[in-house]
Amino acid sequence: MTDRAAIIPDMPIFGSDGALVGTVHRVSGVRIIVNRVGASETDQHAIPLARVAEVTDRVTLDCPAADAGPERTAAAGARRSFPFVWLGVGVLGIALAYGGASMMMRGPPAPKASAAPTPVASPERATIAATKSTAPTPAAPPRATGPAEANPASLNAYLASDAPAAQRFALDTAFAGGSATLSAGGEASVRGIAGVMATHLNTKIKLAASGGGLALRRAAAIKRALVAYGVAEYRIATGAARTPARGGSGVELIVLAK
C-alpha cells in the first residue's frame with residue numbers, strides 16, 4: 001500500500017517510461033491532484049494512488065506518462081464504449097447460434113488426411129539457432145552515482161540539456177562547519193544559481209534537508225538568499241529529504257521541473 005504521507009507537494013511525478021507527468025499539488029482521498037509542468041496551477045488532473053509504484057524523492061507510476069491522464073477521460077471512455085460491448089455480445093450470440101445450426105445440418109465431418117511429416121532441421125541449423133537464443137544481452141553502462149556540486153555552471157549545463165527533471169545537486173561548500181550562515185563562496189554560488197533560474201523561467205527546485213534542525217536552517221537560509229536575488233518564492237520548496245542527502249551540508253538542491 002502506498003504511504004500517502006510520503007507524497008508531498010511539488011514532488012515530481014514520473015511514468016514507468018521515465019517521462020515527467022507533472023508535480024504533486026496535493027493528495028485528496030485516494031487520488032493525487034497533479035500540476036502539469038509549465039501550465040497554470042488551475043490546469044490540474046487526478047491520478048489514483050493505486051497507480052503509484054514507488055515513492056522516493058519522486059513519485060514513480062506503474063504506467064507510462066502518456067497513460068497517466070485525467071480520471072475523467074478514462075471514465076468517459078468507459079461510458080462511451082459500454083453500448084458497443086452489449087452490441088458485440090449480441091453479435092457473438094447470433095454467430096454461435098448460426099454456427100451450431102449449420103453443423104447439425106452438415107452432419108459429422110469427414111475424416112482428415114494424415115498430416116505430412118514435419119521436416120527435421122539439420123544439426124548445423126539447430127546449433128546456430130541455439131547459439132543465437134543463448135547469446136548474452138549486453139549490460140547497460142553503469143550510471144553515475146553521487147550528485148554534482150550545485151554551482152551556476154553545473155546547474156546551467158543540466159537545465160540546457162535533454163536530461164529529465166529530479167536531478168540532485170549537493171551543496172557541500174555553501175556553509176562553514178556547524179553554521180547556518182552562508183559562507184562568502186556559498187553566497188556567490190547562490191547568487192549565480194539565482195541568475196541561472198532567471199534565465200530558465202520554468203525551473204522549480206526543492207531544498208531537501210536531512211540530518212536535523214541544522215540542515216533545515218541551512219535550507220531556509222539558501223531559500224531566503226535566492227528570494228533576495230529575485231527568484232519567485234513559489235519556485236522554491238523546502239522540507240525534509242526522503243533519502244539521506246549526499247553532501248557535507250546535509251542539504252541537496254533537487255530540480256523538480258525544468
Item checked: Criterion side-chain contact (heavy atoms from CB on, under 4.5 Å) on Phe175 and Thr181, from CA distance to verdict -> CA-CA 6 Å; Phe175 300 93; Thr181 302; 5.6 Å; no

Next item on the list: Give the C-alpha distance, both sets of side-chain angles, the deciding distance and a yes or no for side-chain contact (heavy atoms from CB on, under 4.5 Å) between Leu256 and Ile205.
Entry: CA-CA 5 Å; Leu256 302 178; Ile205 65 171; 5.8 Å; no

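- Residues satisfying the ring pair (Phe, Tyr, Trp, His ring centres under 6.0 Å) criterion with Phe14, sequence neighbours excluded, are absent altogether.
- In this structure, a donor-acceptor pair under 3.5 Å is absent between the side chains of His25 and Asp10.
- Listed by first then second residue, pairs satisfying salt bridge (charged side-chain N to carboxylate O under 4.0 Å, His left out) with a partner in residues 222-235 read Lys223-Glu233, not counting sequence neighbours.
- Residues Ile236 and Leu216 do not share a hydrophobic cluster, clusters being chains of Ile/Leu/Val/Met/Phe/Trp/Tyr side chains in contact below 4.5 Å.
- The two residues Met11 and Asp57 make their nearest non-hydrogen contact at CG-O, 3.8 Å.
- Between Arg26 and Ile7 the shortest side-chain heavy-atom distance does not fall below 4.5 Å.
- Tyr229 and Leu155 fall within a single hydrophobic cluster, where Ile, Leu, Val, Met, Phe, Trp and Tyr side chains are chained together by heavy-atom contacts under 4.5 Å.
- When all heavy atoms of Ala50 and Asp62 are compared, the closest pair comes out as O-OD2, 3.9 Å.
- Under the 3.5 Å distance criterion, the side-chain polar atoms of Asn202 are left unmatched by any main-chain donor or acceptor of Ala257.
- Ser154 places a side-chain N or O within donor-acceptor distance of the main-chain N or O of Glu149, the cut-off being under 3.5 Å.
- Hydrophobic clustering (ILVMFWY, side-chain heavy atoms < 4.5 Å, transitive): Ile33 and Leu20 are in distinct clusters.
- Remark: Leu253 CG to Ile222 CD1 distance equals 8.0 Å, nearest 0.5 Å.
- The CG atom of Asn156 lies 10.0 Å from the OG atom of Ser161; values are rounded to the nearest 0.5 Å.
- The shortest distance between side-chain heavy atoms of Ile13 and Thr23 does not fall below 4.5 Å.
- Contact between Leu61 and Val21 at its shortest, heavy atoms only, is CD1-CG2, 4.2 Å.
- Listed by chain and number, the residues in a side chain to side chain contact (heavy atoms under 4.5 Å, CB included) with Leu214 are Ala180, Arg217, Arg218 (sequence neighbours excluded).
- Annotation for Ile254 and Ala208: closest pair CD1-CB, 3.8 Å, computed over non-hydrogen atoms.
- At a threshold of 4.5 Å between side-chain heavy atoms, the hydrophobic network of Ile, Leu, Val, Met, Phe, Trp and Tyr places Leu171 and Leu182 in one connected group.
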Check: Do Val196 and Leu159 pass the side-chain contact (heavy atoms from CB on, under 4.5 Å) test, and can you show the C-alpha distance, the side-chain angles, and the key distance before you say yes or no?
Finding: CA-CA 9 Å; Val196 172; Leu159 294 177; 3.8 Å; yes

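- Here the side chains of Val24 and Ile8 are not in contact, with every heavy-atom distance at 4.5 Å or above.
- Heavy-atom minimum distance, Ile193 versus Asn151: CG1-C, 4.3 Å.
- The backbone N or O of Gly186 lies less than 3.5 Å from a partner atom in the side chain of Ser183, making a donor-acceptor pair.
- Here the CD-CD distance, from Gln167 to Glu252, works out to 10.0 Å after rounding to the nearest 0.5 Å.
- Pairing each heavy atom of Ala215 with each of Ser210, the nearest pair is CB-O, 3.2 Å.
- Between the Lys258 side chain and the Ala163 main chain, a donor and an acceptor come within less than 3.5 Å of each other.
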